[in-house]
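Structure first, commentary second.
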Amino acid sequence: MKFQAVKGTRDFYPEDMAIRNWITEAWRRVSLRNGFEEYDGPILELLDLYRAKSGEGIVSELFHLTDRGDRELAIRPEMTPTLARMINARAGALPRPIKWFSMPRLCRAERPQRGRLREFFQWNIDIVGLDDAVTDAECIFVALDFFREIGLTPADMVMKVNCRALLAALLSARGFAPPRHAAIFAVLDKRDKLPPEAFAEAVEKVCASAGERETLISISQARGTEGLEIVARAAAGDARAESSLARLRSVLDLLHRMEVGEYCSFDMGVVRGLAYYTGTVFEGFGRGGFSRAICGGGRYDQLLESLGGPPMSGVGFGTSDVVIQELLEELGRIPSQARTTRRTEVFLIDAAPEMFDAVLVLAARLRRRGVGAEFSYRRQSLGKQLKQASAAGALRVVIVGEEYKARGHLVVKDMASGRQQEIPADAFCENPCM
RNA sequence: GUGAGUGUAGCUCAGUUGGUUAGAGCACGAGGUUGUGGUCCUCGGGGUCGGGGGUUCGAGUCCCCUCACUCACCCCA
């Protein structure tokens, strides 16, 4: 019987683990320098927690089980309900705004596809308890701070920004009653995700007349600076539309001031499929060949409350390790040092078996100082040991031989240049970096 | 969950209308005589051809089922 990894899951061999760590370490580094604190929750939650948010239909999309006490449990498919639960439990005690991040392992019972597996890691950032353009901008900034950190420029990606409240106000002013908005949002969000004919067909379905269709098509086309001006003219005179537009402009302006404006672009085609977004929404896309969404988020006003949490507005975003890695592989941007976790700074070699004791002592002394030190487990020729040092990617090799026996000196060889010099053992252990 | 495509060594792939013990390159391991690695040379391990069943004298090759992956839907909390 030959076993294989469960459908939609991945084995992380050392070279895969190295890349995963490289990505998740960047997530943590960026989160912390932007002032966010890390949290986590259990991988199992009550199934009802997800039913409460998404209805009974969600059950078929997640992994669930019944424990021996007949409790219905689910492996978490997302982090937001856990976040809401945790914030609610201490709502009165947490200083606001709450700036938390997490990088949970999530599972969803979906059919695996490229960029979409059944098990993955998701980076979540949330700012809860303050509804202000600054927090919207800050949230988008953190995402861009990460993308810039891993070497992506505005030529590689774009962050499309929109505001659902603005769209809702424009729709209401043109006779689209609020109950119809959810369906219209879902259609508009597909503007760039469907072929033009299919999109036109979808628009047709939510419209009652040719006039409505014209209106929706023209609204959905707005993008970039010109698009913003067109929207501004459309919003003129409507108080709600004007204030939402001012908020959107403010967010974009803040992003420019924070020097990530080059990445950002207004786009009415970004609405987000999820029902709970109420204000600012944004989605990152790769440019060129890799045009899929690479991150997304937005402001949610009632989400926490609907999950039994406090009535607090929040803004957040998420992205997964799967899509990030695929984007970077596609662009060839994963640096070679990110592909290995080996950190052999010094490889110790005995020139004769009787020097092996000295090798052990020196390795232990170096390791205690925090230096990555290795040696061969087999007593073999100097050439073989050098070969092993080379394969281990060692930066320097230390040969313990005649010089050590006679004078207490080590031969230190720099593997890149091939140059070597004799150094007293004590001096080398004091300062192994040379 | 629906539809289509793919599946030969760890990886990338050969494999003649079905015909003897299934191959290559890379990777991996061992050597190239004992104080100098990456290159090079030699040798080697590794595949029940995704799995199961069927047709046939004979199946990696044809048929059926199944599993996994890829793509398009559904969904994307």
Side-chain angles (χ1 to χ4, degrees), chain A residues 1-11 13-16 45 47 49-62 74-84 104 106-118 120 122 124 186 189-190 193-195 198 202 272-277 283 292-293 295-298 300 303 306-307 316 318-320 322-323 326 344 347 349-353 355 376 378-405 410-420 422:
Chain A
M1 189 67 193
K2 196 174 176 182
F3 295 102
Q4 54 190 186
V6 169
K7 181 193 185 89
T9 66
R10 294 167 288 173
D11 289 323
Y13 287 87
E15 64 269 28
D16 309 306
E45 290 278 7
L47 184 54
L49 181 64
Y50 305 109
R51 282 202 182 101
K53 182 184 176 190
S54 313
E56 188 62 32
I58 194 68
V59 176
S60 65
E61 290 167 31
L62 47 72
I75 298 176
R76 61 185 177 192
E78 59 164 329
M79 202 57 184
T80 309
T82 300
L83 172 69
L106 305 179
C107 290
R108 299 179 184 180
E110 294 179 298
R111 186 130 179 197
Q113 233 175 91
R114 188 161 177 240
R116 245 179 90 183
L117 300 176
R118 288 185 154 190
F120 56 95
Q122 189 181 68
N124 283 275
D189 189 62
K190 304 246 185 242
K193 294 165 185 164
L194 288 177
R272 306 282 289 148
L274 310 183
Y276 57 74
Y277 288 116
E283 208 162 352
R292 295 184 302 122
C295 76
Y300 44 86
L303 180 61
S306 74
L307 285 166
T319 187
S320 87
V322 183
V323 70
E326 274 183 11
T344 304
F347 198 100
I349 289 176
D350 63 274
M355 307 312 294
S376 174
R378 296 166 59 191
R379 309 284 43 88
Q380 51 191 359
S381 73
L382 197 153
K384 290 288 174 210
Q385 293 182 72
L386 257 177
K387 199 172 206 148
Q388 199 181 326
S390 186
L395 302 176
R396 285 181 294 283
V397 156
V398 164
I399 300 168
V400 186
E402 294 301 331
E403 305 84 352
Y404 186 77
K405 212 193 298 189
L410 301 171
V411 175
V412 179
K413 181 186 177 89
D414 179 84
M415 291 299 271
S417 67
R419 279 199 299 263
Q420 52 189 57
E422 211 180 299

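Convention: sequence-line order gives letters A, B, ...; per-chain numbering from 1. Just so we're clear, the structure is a prediction, and the values are computed from it rather than from any experiment.
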Interatomic distance, [X] [atom1] vs [N] [atom2] [rounded to whole Å]:
X: A:Ile349; N: B:G37; atom1: CD1; atom2: P; value: 10 Å
X: A:Lys384; N: B:G32; atom1: NZ; atom2: C1'; value: 8 Å
X: A:Glu422; N: B:G35; atom1: CD; atom2: P; value: 17 Å
X: A:Arg108; N: B:C76; atom1: CZ; atom2: P; value: 10 Å
X: A:Arg118; N: B:C76; atom1: CZ; atom2: P; value: 17 Å
X: A:Tyr13; N: B:G10; atom1: OH; atom2: C1'; value: 8 Å
X: A:Gln388; N: B:G35; atom1: CD; atom2: P; value: 17 Å
X: A:Asp414; N: B:U36; atom1: CG; atom2: C1'; value: 14 Å

Rounded [atom1] spacing from [N] to [M] in Å:
N: B:C73; M: B:G15; atom1: C1'; value: 37 Å
N: B:U66; M: B:A4; atom1: P; value: 13 Å
N: B:C26; M: B:C43; atom1: P; value: 13 Å
N: B:U61; M: B:A14; atom1: C1'; value: 14 Å
N: B:C28; M: B:U39; atom1: P; value: 9 Å
N: B:G46; M: B:C62; atom1: P; value: 29 Å
N: B:G60; M: B:G52; atom1: C1'; value: 16 Å
N: B:C71; M: B:G45; atom1: C1'; value: 37 Å

Could you tell me how the ring of A:Tyr277 sits relative to the ring of A:Tyr300: parallel (under 30°), tilted (30 to 60°) or perpendicular (over 60°)?
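Tilted.
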Base-pairing mate for [N] - Watson-Crick or G-U, with both contacts under 3.5 Å:
N: B:G18; answer: none
N: B:U39; answer: none
N: B:U55; answer: none
N: B:A24; answer: B:U12
N: B:U34; answer: none
N: B:C73; answer: B:G1
N: B:U6; answer: B:A68

Going from CG on A:Leu117 to CG on A:Leu106, what distance comes out if it is rounded to the nearest 0.5 angstrom?
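If I round to the nearest 0.5 Å, the distance is 12.0 Å.
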Distance in Å, A:Lys7 NZ paired with A:Arg118 CZ, rounded so as to fall on 0.5 Å steps:
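So the NZ of A:Lys7 and the CZ of A:Arg118 are separated by 5.5 Å.
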Working for side chain to side chain contact (heavy atoms under 4.5 Å, CB included), residues A:Ile399 and A:Leu410
CA-CA 6 Å; A:Ile399 300 168; A:Leu410 301 171; over 6 Å; no
Please evaluate the base of B:G1 for a donor-acceptor partner in the side chain of A:Glu61 within a cut-off of under 3.5 Å?
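It does not, because no donor-acceptor pair links the side chain of A:Glu61 to the base of B:G1 below 3.5 Å.
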Under 3.5 Å, is there an N or O donor on one side and an acceptor on the other linking the side chain of A:Gln420 and the base of B:U36?
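Yes, the side chain and the base share a sub-3.5 Å donor-acceptor pair.
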Using a 3.5 Å distance criterion without hydrogens, assess whether the side chain of A:Asp11 forms a donor-acceptor pair with backbone atoms of A:Tyr13.
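A pair under 3.5 Å: no.
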Any donor and acceptor pair, going by atom type alone, linking the side chain of A:Asp189 with main-chain N or O of A:Ala186 inside 3.5 Å?
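Answer holds: no.
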Looking at every strand, decide which applies to [X] at a 4.0 Å heavy-atom threshold: base, sugar-phosphate, or nothing.
X: A:Glu403; answer: base
X: A:Val397; answer: nothing
X: A:Ile399; answer: base
X: A:Glu402; answer: base

Within the pair A:Arg378 and B:A30, is there a side-chain N or O less than 4.0 Å away from OP1 or OP2?
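Result: yes.
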List the atom of A:Gly8, the atom of A:Pro112, and the distance in Å for their closest heavy-atom pair.
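Taking A:Gly8 first and A:Pro112 second, the nearest heavy atoms are CA-CG, 3.8 Å.
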What's the closest nucleotide to the A:Leu386 side chain, out of B:G35, B:G37, B:C75?
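The answer is B:G37.
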For a quick check, with a 4.0 angstrom heavy-atom cut-off, what is the B/S/- contact string for nucleotides 66-74 of chain B, read 5' to 3'?
-SSS-SBBB
Going by atom types alone, do A:Gln122 and A:Thr319 pair a side-chain donor with an acceptor below 3.5 Å?
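The answer is no; no qualifying pair exists.
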Donor + acceptor pair across side chains of A:Ser376, A:Gln385 (<3.5 Å)
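Their side chains do not contain a donor-acceptor pair, so the 3.5 Å distance test is not met.
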Decide, yes or no, whether a salt bridge links A:Asp350 with A:Arg379 under the criterion of side-chain N to carboxylate O below 4.0 Å.
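A:Arg379 and A:Asp350: salt-bridged.
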Quick one: on RNA chain B, does A:Arg272 or A:Gly383 contact a more 5' nucleotide (nearest heavy atom)?
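Looking at the nearest nucleotide for each, A:Gly383 comes out on the 5' side.
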